[in-house]
Amino acid sequence: MTRPVSRAAVERWLATRGWKPFAFQREVWHAMAEGRSGLLHANTGTGKTLAAWLGALQALRVEAPPARVRAKPVAPPLSVLWITPMRALAADTTRALRDPMTDLAPTWTIGLRSGDTTSAERSAQDRRLPTVLVTTPESLTLQLARADALDTLAHVQLVVVDEWHELLGNKRGVQVQLALARLRQRRPDLICWALSATLGNLEEALATLVGVRAPARDASAPEPALVRGEVAKTIVIDTLLPERAERFSWGGHMGLRMLPQVVQAIEEGGTTLVFTNTRSQAERWYQALLEARPDWAGVIALHHGSLAKEVRDWVEQGLKAGTLRAVVCTSSLDLGVDFLPVDRVLQIGSAKGIARLLQRAGRSGHAPGRPSRVTLVPTHSLELVEAAAARHAAQAGQVERRHSPHEPLDVLVQHLVTIALGGGFVPDALYEEVRTTTAYRDLDASNWQWCLDFVRQGGPTLASYPDFQRVAPDELGVWRVPDARLARRHRVNIGTIVSDASINVQYQTGGPLGSVEESFVARMKPGDCFLFGGRMLELIRIHQMTAYVKKAPPGRGAVPRWNGGRMPLSNTLADAVLRELDAADHDVFDSPEMQCVRPLLDIQRRWSALPTPTALVAETWKDREGWHLFLYPFAGRQVHLGLASLLAWRAAQPEQATFSIAINDYGLELLSAREIAWAERLPALLVVPDEPNALLSEVLASLNATELSRRRFREIARIAGLIFQSHPGERQSNRQLQASAGLYFDVFQKYDPGNRLLAQAESELLSQELDVAQLAAALRRMSGQRLVAITLARPSPLAFPLMVERFREKLSNESLSDRIARMVADLEGRAGGDAVGTAHEDAKTVFARPAMAETATEAIQLDRVDPPRRAPRSRRRPRA
DNA sequence: GACCTGCTGCGGAATG
């Protein structure tokens with residue numbers, strides 16, 4: 001059992017070591033010694049330092065001189081769990097802890113348990129667990145799924161969760177919350193420490209870590225500590241300016257026009273990380289840099305999540321060794337192993353948020369006393385405003401918040417099976433345990449009962465399938481997994497990460513290169529070329545989820561499009577942008593960026609008006625296409641999608657109308673074939689209903705919510721164990737996976753509408769994809785703003801990118817068959833009921849009520865740009 | 001007149 005240690009004892013111990021710690025380190029040691037949990041926010045070099053703290057803790061508790069000296073020192077049992085969100089970071093931490101400098105007691109052993117751990121190492125660990133186990137959330141959950149889990153984990157005194165800010169806001173973090181609740185059940189005095197980067201809500205992050213404490217039992221428990229460990233650190237945020245902002249693109253994203261400035265910036269510095277927002281952008285930029293400077297071949301490199309591990313490892317080694325001049329990367333290098341030689345970071349395009357910008361800045365100058373430097377490279381003119389806004393917000397310490405997901409039942413269902421495997425559970429006790437987590441603190445009995453029923457027999461529709469009778473109570477009332485096959489299947493499917501469809505890319509003779517999206521390869525035929533991993537490759541054939549390729553001569557080829565996430569502009573940053581515009585409206589241009597973009601803002605002011613925190617600008621314009629409305633709420637693209645659909649839906653209430661919708665991070669466009677008196681109608685259309693659920697149902701009605709939830713459901717079905725992502729030996733293509741998720745969705749909708757996973761899909765859609773809470777806030781703010789209605793003579797600088805957005809959508813090069821399939825589904829949906837709108841895959845909505853003209857135009861357009869490659873069916877009959 | 005996007009993260013164990 002842990003015993004509180006006095007502060008004096010800590011000081012004595014420090015004196016014997018001769019350490020001169022930072023004040024915040026001392027604070028953490030004291031808190032740990034008193035048995036307190038806590039969160040440390042530090043802006044630099046926490047990993048290595050904390051390794052030393054472990055030494056402190058261990059020395060205080062375990063290394064106390066033994067009363068009787070044993071003949072042979074025995075390693076203590078598993079006492080410390082160190083959780084990191086990444087395997088690479090886990091390996092790095094393990095190395096740091098094993099370093100003699102860390103000064104752990106000689107009897108202590110350090111183990112690493114992750115996907116990188118070999119089966120030999122696994123079995124060695126199973127025989128004897130190390131004293132400190134460095135692991136990932138998934139591997140920890142696997143430990144919990146072992147029959148002897150409670151015994152092996154019974155001696156854990158301390159859990160450290162590294163990069164907690166990365167886990168806090170997602171289902172992986174919920175998985176950690178549940179695991180911690182489990183450990184605390186056995187040891188109520190468990191000490192938990194989280195390490196976090198800059199976050200807008202540190203208190204909440206700490207509360208989520210330590211969970212909800214039962215007042216009766218924990219009255220005497222010490223208060224958790226929040227330690228702010230900021231070390232004086234200079235962060236330089238500057239911007240590469242275009243020669244003339246006027247001539248600078250108004251809606252672009254690639255930013256290659258800035259190539260000369262970027263080349264020069266790389267020349268100036270030592271090692272530079274070049275962050276891009278997308279993988280294809282990284283590919284293009286890497287290629288462009290090599291074309292500009294062929295002599296950099298071999299000293300610049302490319303790094304993103306679709307490249308093979310071997311390739312990425314090579315790049316990371318090069319960065320550590322300082323042999324690389326520059327690496328073009330995506331957020332794959334946001335986290336993890338620190339690369340000391342990096343002294344400058346370039347950010348191509350918007351960083352989308354202050355926290356991300358600071359995180360990336362911190363990748364450079366990663367040593368005490370050295371400044372971090374991030375240089376923004378705007379890809380269109382309005383990003384100059386964003387750059388100025390980001391710097392001001394960062395200086396003011398305005399950083400985004402992150403919240404734990406609320407009651408994700410899919411994760412809970414998975415957890416129930418895990419615990420049933422890990423020694424079994426008694427429902428009432430586990431209910432209490434689960435409710436000590438922040439995520440499930442409000443879990444009511446009916447949701448709990450539903451989850452129990454679901455793991456027991458899959459609900460009414462699946463009751464007759466033995467595969468879904470996963471857990472059952474034994475004669476003592478302990479719920480267990482009775483079937484060894486189901487047990488194994490559960491273990492290989494533990495986790496909450498649901499990946500996109502992907503196909504491996506590999507040389508015909510040689511190693512793996514990485515992976516591309518299944519749909520991208522499906523469009524290609526042998527002989528087609530594409531740019532990947534910085535090389536031009538020619539497709540030879542596809543076999544068993546692998547695309548075999550060979551080198552192709554450089555030239556024009558497609559660049560893979562990966563379907564990644566869509567990062568919306570954070571509210572914190574959007575608000576900062578509005579403040580910059582407000583200053584500009586008062587003729588204050590106090591930064592180089594704002595001076596540079598001034599001509600454009602002046603045009604906006606001359607032709608229209610500048611949106612500010614108090615002025616809502618609504619522009620209308622008529623052209624051949626119809627009547628346009630441009631609106632600039634600056635609420636991020638997610639909110640704009642919901643808002644645009646809602647406005648269109650409301651506007652179409654009294655009279656039928658058809659709208660096309662375009663959105664970006666700054667605003668939205670509604671295009672209608674008929675004139676709408678927006679200036680008069682907008683105030684009424686922006687009303688927030690008093691009843692909160694009224695807004696929800698309006699938003700749901702305005703979108704094709706069923707189709708959107710259905711897509712959302714895939715992830716939920718996977719996590720809840722309805723479908724399986726991987727199966728040793730029988731690799732299933734993700735298409736099949738998608739199809740079966742859709743099947744379950746349909747079956748539940750029809751025969752089991754009370755299935756709570758359906759409700760979860762809808763609520764995740766509303767809260768995460770559409771961000772209804774923010775939508776309501778945006779509406780409220782807009783209704784308080786002064787409406788500035790402008791009739792444009794031509795599209796304003798702010799309007800133009802929105803028009804491009806819509807234009808690009810029409811020129812989509814996705815496969816024709818997919819498109820047609822969706823349109824058919826669309827039509828069916830419309831014919832079937834009162835559906836007034838549909839949102840399709842790219843989150844741009846085509847509104848039709850009830851006409852179908854829009855769809856028809858789209859089909860014609862598409863035909864023109866993307867003629868079907870294959871010969872018509874009739875000619876492809878097999879030869880006799 | 002202006003343009004051509006969409007990230008990251010994880011992972012069994014029995015058998016011979």
Side-chain angles (χ1 to χ4, degrees), chain A residues 84-90 113-117 119 122-123 126 135-142 145-146 163 166-167 170-173 175 246-257 275-284 303-306 329-336 348-353 356 359 379-381 421 484-485 487-500 517 559-568 600 603 637 664-665 724-729 794-797 799-813 842-843 865:
Chain A
T84 83
M86 281 173 65
R87 286 190 302 224
L89 192 56
R113 185 97 179 202
S114 74
D116 292 335
T117 310
S119 58
R122 276 168 206 272
S123 45
D126 291 347
T135 187
T136 59
E138 286 77 12
S139 285
L140 174 58
T141 306
L142 277 162
R146 297 168 56 102
E163 312 273 12
E166 275 299 314
L167 296 168
N170 56 43
K171 291 182 183 176
R172 294 184 83 198
Q175 210 180 341
E246 271 175 294
R247 309 273 312 178
F248 199 58
S249 62
W250 289 10
H253 293 279
M254 223 26 117
L256 283 170
R257 207 171 288 198
F275 279 100
T276 62
N277 282 340
T278 71
R279 284 165 280 185
S280 47
Q281 196 179 16
E283 293 274 355
R284 287 248 174 92
H303 192 283
H304 61 68
S306 291
C329 60
T330 60
S331 48
S332 56
L333 286 184
D334 262 359
L335 278 188
I348 314 265
S350 166
K352 305 279 185 186
R356 187 178 291 111
Q359 176 79 27
T379 58
H380 61 78
S381 297
L421 279 170
R485 189 181 59 90
R488 208 182 68 200
R489 192 165 72 181
H490 180 76
R491 286 200 183 93
V492 297
N493 280 284
I494 276 178
T496 62
I497 297 174
V498 179
S499 307
D500 284 341
E517 207 181 68
V559 181
R561 230 179 44 169
W562 288 270
N563 278 340
R566 295 184 173 81
M567 294 171 282
L600 183 138
I603 297 177
R637 51 179 309 127
N664 63 17
D665 275 325
F724 312 103
Q725 190 151 262
S726 62
H727 241 309
R794 71 207 93 167
S796 70
F800 185 76
L802 282 164
M803 298 191 59
V804 171
E805 196 73 28
R806 195 163 43 76
F807 183 56
R808 186 168 59 217
E809 170 56 20
K810 284 195 174 171
L811 294 178
S812 146
N813 58 355
D842 295 307
V865 283

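First the proteins, then the strands, lettered A, B, ... as listed; each starts at 1. Predicted, not measured: the structure shown is a model, and the values here were computed from it.
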Item to complete: Give a yes/no on whether any side-chain N or O of Arg491(A) is located under 4.0 angstrom from OP1 or OP2 of dA13(B).
Response: yes

Discussion item. How many whole angstroms separate atom CD1 of Ile348(A) from atom P of dG6(B)?
Written reply: 17 Å

Worksheet item: In whole angstroms, how far is the P atom of dC10(B) from the CG atom of Leu167(A)?
Response: 11 Å

Worksheet item: Does dC7(B) have OP1 or OP2 sitting under 4.0 Å from an N or O in the side chain of Arg279(A)?
Response: yes

Please enumerate all protein N or O atoms sitting under 3.5 Å from an N or O of nucleotides 14-16 of chain B, with distances to 0.1 Å.
none

Discussion item. Under 4.0 Å, heavy atoms only, any strand: does Ser139(A) hit a base, just the sugar-phosphate, or nothing?
Written reply: sugar-phosphate

Practice prompt. Describe the nucleic acid contact of Gly495(A) in one word from base, sugar-phosphate, nothing, applying a heavy-atom distance below 4.0 Å.
Written response: nothing

Worksheet item: Looking at dA2(B), dG11(B), dG12(B), which one has an atom nearest to any side-chain atom of Glu138(A)?
Response: dG11(B)

Fill in: Atom-pair distance (CZ on Arg284(A); P on dG6(B)), nearest Å
9 Å

Discussion item. Below the 4.0 Å mark, does dG9(B) have OP1 or OP2 next to a side-chain nitrogen or oxygen of Thr496(A)?
Written reply: no

Worksheet entry | Nearest-Å distance for atom pair CE/P, residues Met86(A) and dG11(B) | 11 Å

Discussion item. Applying a 4.0 Å non-hydrogen cut-off, can you work out what Lys352(A) is touching in the nucleic acid: base, sugar-phosphate, or nothing?
Written reply: base

Practice prompt. Assign each of His304(A) and Gly255(A) to its nearest nucleotide of DNA chain B by heavy atoms, then name whichever residue's nucleotide is nearer the 5' end.
Written response: Gly255(A)

Fill in: Side-chain N,O (Arg146(A)) to OP1/OP2 (dA13(B)) below 4.0 Å
no

Fill in: Under the side-chain hydrogen bond (donor to acceptor under 3.5 Å, both in side chains) test, residues paired with Lys171(A) that sit two or more places apart
Asp410(A), Glu715(A), Glu764(A)

Worksheet item: Any N or O donor-acceptor pair linking the side chain of Ser331(A) to the base of dC7(B) at under 3.5 Å?
Response: yes

Discussion item. Given dT8(B), dC3(B), dG6(B), identify the nucleotide with an atom nearest to the side chain of Ser332(A).
Written reply: dT8(B)

Discussion item. With the 90 degree cut-off around zero defining syn, does dG11(B) come out syn or anti?
Written reply: anti

Fill in: Candidates dC3(B), dA2(B), dT5(B) - which lies nearest the side chain of Arg257(A)
dC3(B)

Worksheet item: Between the main-chain N or O of Arg637(A) and the side-chain N or O of Asp665(A), is there a donor-acceptor pair closer than 3.5 Å?
Response: yes

Worksheet item: Taking only residues two or more places apart in sequence or in another chain, which ones pass side-chain contact (heavy atoms from CB on, under 4.5 Å) with Thr84(A)?
Response: Trp82(A), Leu89(A), Ala90(A), Thr93(A), Val134(A), Asp162(A)

Worksheet item: Between dA2(B), dA13(B), dG11(B), which one does the side chain of Arg87(A) approach most closely?
Response: dG11(B)

Practice prompt. For Arg485(A), enumerate each residue passing the side-chain hydrogen bond (donor to acceptor under 3.5 Å, both in side chains) test, keeping only those at least two apart in sequence or located in another chain.
Written response: Asp467(A)

Worksheet item: Once you round it to whole Å, what is the distance between C1' of dG12(B) and CG of Asp116(A)?
Response: 15 Å

Worksheet item: Could you give the CD-to-C1' distance, from Glu283(A) to dC7(B), as a whole number of Å?
Response: 14 Å

Practice prompt. Report yes if a donor N or O on one partner sits less than 3.5 Å from an acceptor N or O on the other, where the partners are the side chain of Arg637(A) and the base of dG6(B); otherwise report no.
Written response: yes

Discussion item. Under 4.0 Å, heavy atoms only, any strand: does Arg122(A) hit a base, just the sugar-phosphate, or nothing?
Written reply: sugar-phosphate

Item to complete: With the side chain of Phe800(A) defined as its heavy atoms from C-beta on, choose the nearest nucleotide among dA2(B), dT5(B), dG11(B).
Response: dA2(B)

Practice prompt. Please name all residues satisfying side-chain hydrogen bond (donor to acceptor under 3.5 Å, both in side chains) with Ser139(A), sequence neighbours left out, ordered by chain then number.
Written response: Thr136(A)

Item to complete: Rounded off to whole Å, could you give me the CD-to-P distance for the Gln175(A) and dG9(B) pair?
Response: 16 Å

Discussion item. Strictly distance-based, threshold 3.5 Å: is any side-chain N or O of Thr117(A) a donor or acceptor partner for the main-chain N or O of Arg122(A)?
Written reply: no

Worksheet item: Across the strands shown, which category fits Ser114(A) at heavy-atom distances under 4.0 angstrom: base, sugar-phosphate, nothing?
Response: sugar-phosphate

Worksheet item: For Asn493(A) and dC10(B), what is the distance between atoms CG and P respectively, to the nearest whole Å?
Response: 16 Å

Discussion item. I'd like to know if the side chain of Arg172(A) reaches the main chain of Pro137(A), judged simply by a donor and an acceptor atom lying under 3.5 Å from each other, with no hydrogens or angles considered.
Written reply: no

Response to the item:
Minimal heavy-atom distance between Asn277(A) and Met567(A), with the atoms involved, is O-CE, 3.6 Å

Worksheet entry | Proximity to the side chain of Thr330(A) - top-ranked nucleotide from dG9(B), dA13(B), dT8(B) | dT8(B)

Worksheet item: What residues, two or more places apart in sequence or in another chain, satisfy ring pair (Phe, Tyr, Trp, His ring centres under 6.0 Å) together with His303(A)?
Response: none

